[in-house]
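Input: a single structure, listed below in structure tokens.
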Amino acid sequence: MAGTKTLLVLENFIGGRFLPCNSYIDSYDPSTGEVYSRVPDSGKEEVEAAVEAARAAFPGWSARSPQERAQVLHRLADLLEQSLEELAQAESKDQGKTITLARTVDIPRSVQNFRFFASSILHHTSECTQMDHMGCLHYTVRAPVGIAGLISPWNLPLYLLTWKIAPAIAAGNTVIAKPSELTSVTAWMMCKLLEKAGVPPGVVNIVFGTGPRVGEALVSHPEVPLISFTGSQPTAERITQLSAPHCKRLSLELGGKNPAIIFEDANLEECVPTTVRSSFANQGEICLCTSRIFVQKSIYSEFLKRFLEATRLWKVGIPSDPSASMGALISKAHLEKVRSYIKKARAEGAQILCGEGVDKLSLPPRNQGGYFMLPTVITDIKDESCCMKEEIFGPVTCVVPFDSEEEVIKRANSVKYGLAATVWSSNVGRVHRVAKKLQSGLVWTNCWLIRELNLPFGGMKSSGVGREGAKDSYEFFTEVKTITIKH
Ligand SMILES: NC(=O)C1=CN([C@@H]2O[C@H](COP(=O)(O)OP(=O)(O)OC[C@H]3O[C@@H](n4cnc5c(N)ncnc54)[C@H](O)[C@@H]3O)[C@@H](O)[C@H]2O)C=CC1
Ligand SMILES: N/C(=C\C=C\C(=O)O)C(=O)O
């Protein structure tokens, strides 16, 4: 019971110091449904203190050379790496993801985020043009913008938070970050490493709490000129409204309804396991996960048979079980939301071939109150169904047949989102042709989620505004100026 256990109590990190808060919110262990930590319920007051600290730190930090800042980022990466196991355990407990994923993906990528931006900040060049007939030389200079507001979600907590902090501070900004109130622990653990890494007080400030309270206070603050946000589309809309009076610079990385398009000449040996992974990795709680699988009619039955077999082997287990492929969903409310989609699909006459309501999920007694569900495959569903249109963000995927290339492109593009797609075919001309026609910021052909951090990452349509990556993040986190010299 919550009352009889010692709870982990987090504190805000402002100006290089851990500070308690006046009120706290409960945070749950998704694998048991029990409260296990308490997160500061910060608001305007804490944001004001963080702005003061970030403002004071800005002149010193922004005046350092990129090389000096890069050294600090490298040291932080090393310290995170030394704590990899401890951080992975914490991420898995806090989020519900498997320990294996936290160990092999979340924390290594968080380390890589700092190393990557420590390196890439050293290699930017500015533009220069000459106008001899006017006796002019034009060139650009870039400078950090100031205090960056960073708001991150609960699905890849440290991974996505560091993907924002690293480029922001590498470019010389100071930051105020707000992780999701559902998964705050690893951000708090990272704060303990900042001083040792040589991050000066006030360069990285973390205020914990809910979106409506501390998130809105941060977004509305007039001294925070840029906001980088990853999360849902409705929240992005709210952030856009609050930012408008201040003309803030926004980077919005939002959801997806990502198609996999599988042609009859696809290599099913690779396609089937990868599409199971792209549908169900991290409990389907990645904005890049596949949720609509279009399969060419001639191989539809064969694909479905193999896909179901492979899905049934995708083991749901407690997060600490190293053999589990999938852990618990983030919250009770989210589990109910995901289940409600399956109910709606069933009511519409779709078939649920495996998973929720079809197969039995077996869990240890201690985890009966956890937020687990089985990976679920839906067929015989119309493109207009909400399961084919809306982001479910859970382990649910729909499989439908198609006839022609032209038809499938149209159907794949017929949603409001445009984040990520996969295309499977051994015809290189076709994959290139289809990739170009898809309304999607990212297209993986014959693979999924192979990340090249140098290149633009982000979505079209309702999937976002702006791109992140080496050059894109640098441009977002700096202000450019064009200078003309008349000689
Ligand atoms: N990257 C993605 O595509 C993600 C998509 N989602 C989608 O969003 C749905 C809801 O999940 P949520 O956690 O509620 O996402 P959310 O968009 O509400 O939360 C993301 C972050 O924004 C903050 N936030 C919430 N309201 C805010 C506000 N008014 N002002 C400033 N910050 C605010 C949250 O505290 C959190 O740190 C999920 O079911 C999923 O469909 C959720 C997380 C990530
Ligand atoms: N933004 C998300 C994933 C990003 C992955 C990456 O940068 O590799 C998300 O799931 O919200």
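Remember, it's 1-based here, ligands and their atoms both numbered in the order they're listed. None of the values given here were measured: they were computed from a predicted structure.
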Please indicate whether any nitrogen or oxygen in Trp154 is less than 3.5 Å from any nitrogen or oxygen in ligand 1.
yes

Please indicate whether any nitrogen or oxygen in Leu254 is less than 3.5 Å from any nitrogen or oxygen in ligand 1.
yes

Can you name the atoms of ligand 1, numbered from 1 with element, that are less than 4.0 Å from a heavy atom of Gly255?
3 (O)

Pi-cation contact, Tyr474 with Lys471 (under 6.0 Å, within 45°)
no

Asn155 N/O under 3.5 Å from ligand 1 N/O:
no

What I'd like to find out is whether the side chain of Val185 reaches to under 4.5 Å of the side chain of Leu10, using heavy atoms alone.
yes

Which heavy atom of the protein is the closest neighbour of atom 42 (C) of ligand 1, given with residue, atom name and distance?
Phe393 CE2, 3.8 Å

Side chain, backbone, both or neither: which part of Arg238 has a heavy atom under 4.0 Å from ligand 1?
side chain

Counting only non-hydrogen atoms of the protein, does one fall under 4.0 Å from atom 15 (O) of ligand 1?
yes

Would you sort out whether Thr230 and Lys164 count as a side-chain hydrogen bond (donor to acceptor under 3.5 Å, both in side chains), showing the intermediate values?
CA-CA 9 Å; Thr230 300; Lys164 297 184 186 302; 2.8 Å; yes

Of all the heavy atoms in Lys337, does at least one lie under 4.0 Å from an atom in ligand 1?
yes

Short list, please: which atoms of ligand 1 are under 4.0 Å from a heavy atom of Phe229?
17 (O), 20 (C), 21 (C), 22 (O)

Quick note on ligand 1: atoms under 4.0 Å from a heavy atom of His334 include exactly 39 (O)

List ligand 2's nitrogen or oxygen atoms that come under 3.5 Å of a protein nitrogen or oxygen, with the partner atom and distance.
unit_1   : atom_1 : unit_2 : atom_2 : d
ligand 2 : 7 (O)  : Arg109 : NH2    : 3.3
ligand 2 : 7 (O)  : Arg451 : NE     : 3.3
ligand 2 : 7 (O)  : Arg451 : NH2    : 3.0
ligand 2 : 8 (O)  : Arg109 : NH1    : 2.8
ligand 2 : 8 (O)  : Tyr159 : OH     : 2.5
ligand 2 : 8 (O)  : Arg451 : NE     : 2.7
ligand 2 : 10 (O) : Asn155 : ND2    : 2.8
ligand 2 : 10 (O) : Cys287 : N      : 2.8
ligand 2 : 11 (O) : Asn155 : ND2    : 3.3

Shortest heavy-atom approach to atom 21 (C) of ligand 1 - which of Ser232, Ser220, Gly231, Ser152
Ser152

Lys/Arg-Asp/Glu bridge criterion (N-O < 4.0 Å) met for Arg467, Glu253
no

Test side-chain hydrogen bond (donor to acceptor under 3.5 Å, both in side chains) on Gln351 and Asp380 and set out the steps.
CA-CA 6 Å; Gln351 293 223 51; Asp380 297 298; 3.1 Å; yes

On a heavy-atom basis, I'd like to know which of Leu288, Thr235, Thr230 is closest to atom 20 (C) of ligand 1.
Thr230

Do Ser385 and Glu348 have side-chain N/O donor and acceptor atoms under 3.5 Å apart?
yes

Can you find a side-chain donor-acceptor pair between Gln89 and Glu85 that sits under 3.5 Å?
yes

Which of the ligand 1 atoms, numbered from 1, are nearer than 4.0 Å to a heavy atom of Gly215:
30 (N), 31 (C), 32 (N)

Write out the residue and atom name of the closest protein heavy atom to atom 41 (O) of ligand 1, then the distance separating them to 0.1 Å.
Glu391 OE1, 3.0 Å

Quick one: sort the Phe280 and Trp314 rings into parallel, tilted or perpendicular, breaks at 30° and 60°.
tilted

Per side-chain contact (heavy atoms from CB on, under 4.5 Å), Leu374 is matched among Val358, Asp359, Thr311 by Asp359

Specify whether Trp163 and Phe457 have parallel, tilted or perpendicular ring planes, treating 30° as the upper limit for parallel and 60° as the lower limit for perpendicular.
perpendicular

Ser278 and side chain to side chain donor-acceptor pair (under 3.5 Å): which single residue from Thr422, Thr290, Thr397 fits?
Thr290

Do Phe208 and Val214 touch side chain to side chain, with heavy atoms closer than 4.5 Å?
no

